[in-house]
Amino acid sequence: MKKALLLISIALLMVSVMFGAESVKIGVAFPMTGGIAAFGQMTLNGVKVAQSLYPTVLGKKIELIVADNRSDKTEAANVVSRLIDYNHVVAIIGEIASSHSLAGGSIAEKKHVPMLSPASTNPLVTQGKHYVFRACFIDPFQGHVAAVFAHNYLKAKTAVVFTDVVQDYSVGLANFFIKDFTAMGGKVYREFYQSGDQDFSAQLTDALGKHPDVIYVPGYYPEIALMARQARQLGYTGPFLAGDGAEAPELVKIGGDAVNGVYYTSHFNADAPFTKIGKEFVAKYKEMYKESPSALAALGFDAYLLLRNAIQRANSTNPEKIAEALRNTKHFEGATGYITIDKYGNTIKSAVVNVVKNGKFTYVTTINP
Amino acid sequence: MSHLAQNLINGTLLGGLYALIAIGYTMVYGILRLINFAHGDILMWGVYFALYMVIALSMPWWLGFIVGIVLAGLLGFSVEKVAYRPLRNAPRISALITAIGISFFLESLAVVVFGGIPKSFNIYPKFFNKIVIFNHLRIQMLTFFILGVTFVLLFGVLWLLYRTKTGTAMRAIATDIPTTSLMGANVDNIISLTFIIGSMLAATSGIMWAMRYPQVQPYMGFVPGLKAFIAAVIGGIGSVPGAVVGGFILGMTEILVVGFFPNLAGYRDVFAYVILIVLLMFRPTGIFTVYSEQKV
């Protein structure tokens with residue numbers, strides 16, 4: 001009996017070693033729990049759709065190793081170390097929040113393993129780094145789109161801008177919006193909060209005293225949902241404008257009726273895909289998950305394909321060579337548009353504006369760079 | 001002027017919530033001398049229990065709330081039995097560290113059981129969200145409800161502690177466990193009961209919290225628990241009226257600081273700690289000093 005068990009376990013071990021050698025390990029560092037858990041889960045869905053369509057590279061199976069950063073900055077750095085040192089991944093897809101990518105990116109940079117963020121839009125994420133890339137546009141552009149939209153479409157003259165002081169994403173985006181909105185002749189008042197805050201009544205009381213035409217909140221959905229509720233309770237009926245951090249089903253679930261009239265800039269809308277592969281993605285996603293994909297799912301999908309494409313072009317699973325190939329990505333067709341990675345690791349793409357209407361994310365317009 | 005008045009109303013609501021959570025916190029400490037760091041997590045479990053009773057078992061909201069509170073009481077009972085009872089005679093630091101461990105355990109267990117994605121707590125009647133407009137001031141109906149519950153529970157706990165036999169036993173345990181047991185009181189049962197009541201208070205306050213901030217997730221109890229602890233210390237930990245006063249002071253300060261200095265809003269938590277430090281410098285035992293002598 002004992003001998004049989006031993007034989008079986010040795011056999012299993014050998015099989016796993018054989019398969020281990022045959023697979024390409026890619027780390028996925030996402031927030032799967034905590035405040036922005038919905039982002040991790042949505043993006044991972046997109047990654048999985050890409051994996052089910054294109055499961056292999058260079059004739060080997062792609063193995064995804066998912067690590068949860070618990071929506072925490074410190075943990076964001078830890079999981080990247082773990083994926084590289086313990087799991088020996090050849091590349092990492094992650095992270096999502098810009099502050100997490102900054103923490104994790106510095107580790108990947110030090111260890112010379114390419115890290116491709118699907119959705120971190122803050123310019124600092126890739127600045128001065130050779131191994132950190134992204135699949136999305138950056139915030140100077142996103143802030144510009146929001147300012148143009150507030151000025152031309154919402155006809156706003158006065159805006160109150162809320163900034164989440166602990167999120168690099170929010171601080172950056174708020175500043176880019178303010179720069180462009182004031183250049184167009186708009187007037188701006190500022191309010192502050194931090195991730196995890198639940199009560200915004202004091203800031204909102206102050207903000208509503210300024211009689212804003214729009215409230216711009218470049219933050220994440222948990223706070224936007226609560227803020228919208230409290231603003232409506234304090235009598236605000238005007239529009240909100242947010243960044244891509246607003247899009248998650250939880251925005252509507254938690255915000256209820258209060259989030260109707262929340263506009264947000266984003267990367268993708270399933271009703272208006274930019275490319276042919278975008279349409280394929282939407283079809284496959286609907287088949288797998290019985291719902292329309294979010295922008296983050298599309299970015300996760302693109303990140304996987306970008307990485308797979310880079311490994312193919314490098315014709316190697318050596319992290320250095322993959323990074324080199326990623327840096328030379330030109331006019332790659334993804335679900336969120338044609339992606340060219342510039343020498344800074346950034347991409348330039350169109351943005352869409354969506355709005356929450358009767359609890360649904362509805363397409364409003366596309367704004368090109 | 002109307003800004004100030006509106007902020008006072010906002011502050012009353014937030015302070016009322018802190019006070020409510022702090023009542024349970026301070027009661028357990030007052031009797032057992034244990035800083036129950038898991039209080040915020042039992043609060044979170046209570047909210048999940050209530051939520052699932054209403055969503056999964058389609059109970060009416062009020063019944064779901066009651067069952068949720070009772071289940072949280074049972075959870076508190078088990079936690080005491082499994083984690084704290086074996087350490088009753090160990091040094092106090094061991095119990096404190098166990099409490100932190102229990103806190104992590106309950107959070108992680110909730111992630112496994114309920115998932116990490118925040119859930120909505122929109123299961124109560126819309127009535128509580130109604131706004132009363134009074135001279136341009138906007139007051140949420142929930143505010144009155146929270147204040148009502150806070151004062152009912154404040155007087156309920158005081159009545160229990162000072163007007164019943166069980167309460168007398170609880171206060172006796174606070175001073176000296178072996179002697180209390182010599183007097184014929186069943187110490188184990190009394191301590192279990194303390195935990196059950198403390199946990200039910202936590203769940204009640206958690207449900208109120210979720211009605212105001214309807215975002216339920218496994219780490220939701222951490223910050224309210226911490227703030228309630230500060231409120232309890234400000235008021236003089238162990239003193240139930242002190243916890244209520246401390247809660248209102250803390251909530252009001254947080255709102256008014258932001259109201260007057262909007263630029264500092266991102267650092268509001270700093271003020272909670274600054275008040276605590278300053279107060280402890282002048283009154284090391286908090287506003288309401290309870291037990292002047294410590295048992296040795």
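Within every chain, numbering begins at 1; the chains are lettered A, B, ... in the order of the sequence lines, protein sequences first and strands thereafter. As a basis for the values below, the full set of heavy atoms in this structure was taken, side chains included, without hydrogen atoms, waters or symmetry mates.
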**Student:** Given side chains that start at C-beta, do those of A:Tyr216 and A:Arg190 come closer than 4.5 Å, heavy atoms only?
**Tutor:**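 Sidechains of A:Arg190 and A:Tyr216: no contact.
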
**Student:** Check each atom of B:Val111 against the heavy atoms of chain A and say whether the ones under 4.5 Å are side chain, backbone, both or neither.
**Tutor:**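 Only the side chain of B:Val111 comes within 4.5 Å of chain A.
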
**Student:** Within the distance-only criterion (no hydrogens, no angle test), does the side chain of A:Asp164 pair as donor or acceptor with the backbone N or O of A:Tyr220 below 3.5 angstrom?
**Tutor:**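 Side chain of A:Asp164 to backbone of A:Tyr220: no pair is present.
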
**Student:** Report yes or no: does B:Asn135 contribute a side-chain atom to a donor-acceptor pair with the main-chain N or O of B:Leu137 at less than 3.5 Å?
**Tutor:**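 Absent.
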
**Student:** For B:Tyr52, is the OH atom crowded, meaning more than 12 foreign heavy atoms sit under 6.0 Å from it?
**Tutor:**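 Check passes, neighbour count above 12.
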
**Student:** So which of A:Val165, A:Asp199, A:Thr33 has the biggest tally of heavy-atom pairs under 4.5 Å with chain B?
**Tutor:**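 Counting heavy-atom pairs under 4.5 Å, the top option is A:Asp199.
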
**Student:** Can you check whether anything in residues 225-234 of chain A gets within less than 4.5 Å of chain B, heavy-atom wise, and list it by number?
**Tutor:**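 Within residues 225-234 of chain A, the residues under 4.5 Å from chain B are A:Leu226, A:Arg229, A:Gln230, A:Arg232, A:Gln233, A:Leu234.
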
**Student:** For the residue pair B:Gln6 and B:Asn10, confirm or rule out a side-chain donor-acceptor distance under 3.5 Å.
**Tutor:**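 Yes - a donor-acceptor pair under 3.5 Å links their side chains.
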
**Student:** Measure the acute angle between the ring planes of B:Phe37 and B:Phe229, then classify it against the limits of 30° and 60° as parallel, tilted or perpendicular.
**Tutor:**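 If you compare the ring of B:Phe37 with that of B:Phe229, the planes turn out tilted.
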
**Student:** Sub-3.5 Å donor-acceptor pair from the side chain of A:Ser170 to the main-chain atoms of A:Gln167, do we have one?
**Tutor:**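 Here the side-chain-to-backbone pair does not exist.
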
**Student:** Please state whether the rings of A:Tyr285 and A:Tyr289 are parallel, tilted or perpendicular, taking 30° and 60° as the class boundaries.
**Tutor:**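 The arrangement is tilted - the two ring planes meet at 30° to 60°.
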
**Student:** With distance as the sole criterion, is a donor-acceptor pair present between the side chains of B:Gln140 and B:Arg212 under 3.5 Å?
**Tutor:**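 Note: B:Gln140 and B:Arg212 side chains meet the donor-acceptor criterion.
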
**Student:** Pick one of side chain, backbone, both or neither for A:Phe39, based on which atoms fall under 4.5 Å of a heavy atom in chain B.
**Tutor:**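 Contact with chain B: none, neither part.
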
**Student:** Who among A:Val166, A:Ile36, A:Asp206 has the most heavy-atom pairs with chain B under 4.5 Å?
**Tutor:**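 Top option by heavy-atom pairs under 4.5 Å: A:Asp206.
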
**Student:** Indicate whether any N or O donor in one side chain lies under 3.5 Å from an N or O acceptor in the other, for A:Gln203 and A:Tyr193.
**Tutor:**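 There is no such pair between these side chains.
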
**Student:** Is it true that the NZ or CZ of A:Lys210 lies under 6.0 Å from the centre of A:Tyr189's six-membered ring and within 45 degrees of the ring axis?
**Tutor:**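 Output yes; distance and angle both within limits.
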
**Student:** Can you tell me which of B:Leu264, B:Leu13, B:Asn7 forms the most heavy-atom pairs within a distance under 4.5 Å of chain A?
**Tutor:**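 Most heavy-atom pairs within the cutoff with chain A belong to B:Asn7.
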
**Student:** Heavy-atom distance under 4.5 Å to chain A: side chain of B:Ile255, backbone, both or neither?
**Tutor:**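 Looking at B:Ile255, backbone and side chain both touch chain A.
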
**Student:** With a 4.5 angstrom heavy-atom cut-off, which part of A:Gln198 approaches chain B: side chain, backbone, both or neither?
**Tutor:**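 Both parts, heavy atoms under 4.5 Å.
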
**Student:** Does a donor on one side chain sit under 3.5 Å from an acceptor on the other, for B:Glu254 and B:Tyr18?
**Tutor:**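 Judged by distance alone, the side chains do pair up.
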
**Student:** Do we see a donor-acceptor contact under 3.5 Å between the side chains of A:Asp168 and A:Ser98?
**Tutor:**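 No, because no side-chain N or O of A:Asp168 sits under 3.5 Å from a partner of the opposite role on A:Ser98.
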
**Student:** Considering only heavy atoms, which portion of B:Tyr213 lies under 4.5 Å from any heavy atom of chain A: side chain, backbone, both, or neither?
**Tutor:**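 Backbone plus side chain of B:Tyr213, per the 4.5 Å heavy-atom cut-off to chain A.
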
**Student:** Spell out the residues in residues 117-125 of chain B that have some non-hydrogen atom less than 4.5 Å away from a non-hydrogen atom of chain A, in order of number; otherwise answer 'none'.
**Tutor:**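 Checking residues 117-125 of chain B against chain A gives B:Ile117, B:Pro118, B:Lys119, B:Ser120, B:Asn122, B:Tyr124.
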
**Student:** Does any heavy atom of chain B fall under 4.5 Å from the side chain of A:Asp197, the backbone, both, or neither of them?
**Tutor:**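 Looking at A:Asp197, just its side chain touches chain B.
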
**Student:** Mark yes or no for whether A:Thr182, through its side chain, and A:Ile178, through its backbone, hold a donor-acceptor pair below 3.5 Å.
**Tutor:**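 Flag set: sc A:Thr182 to bb A:Ile178 pair under 3.5 Å.
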
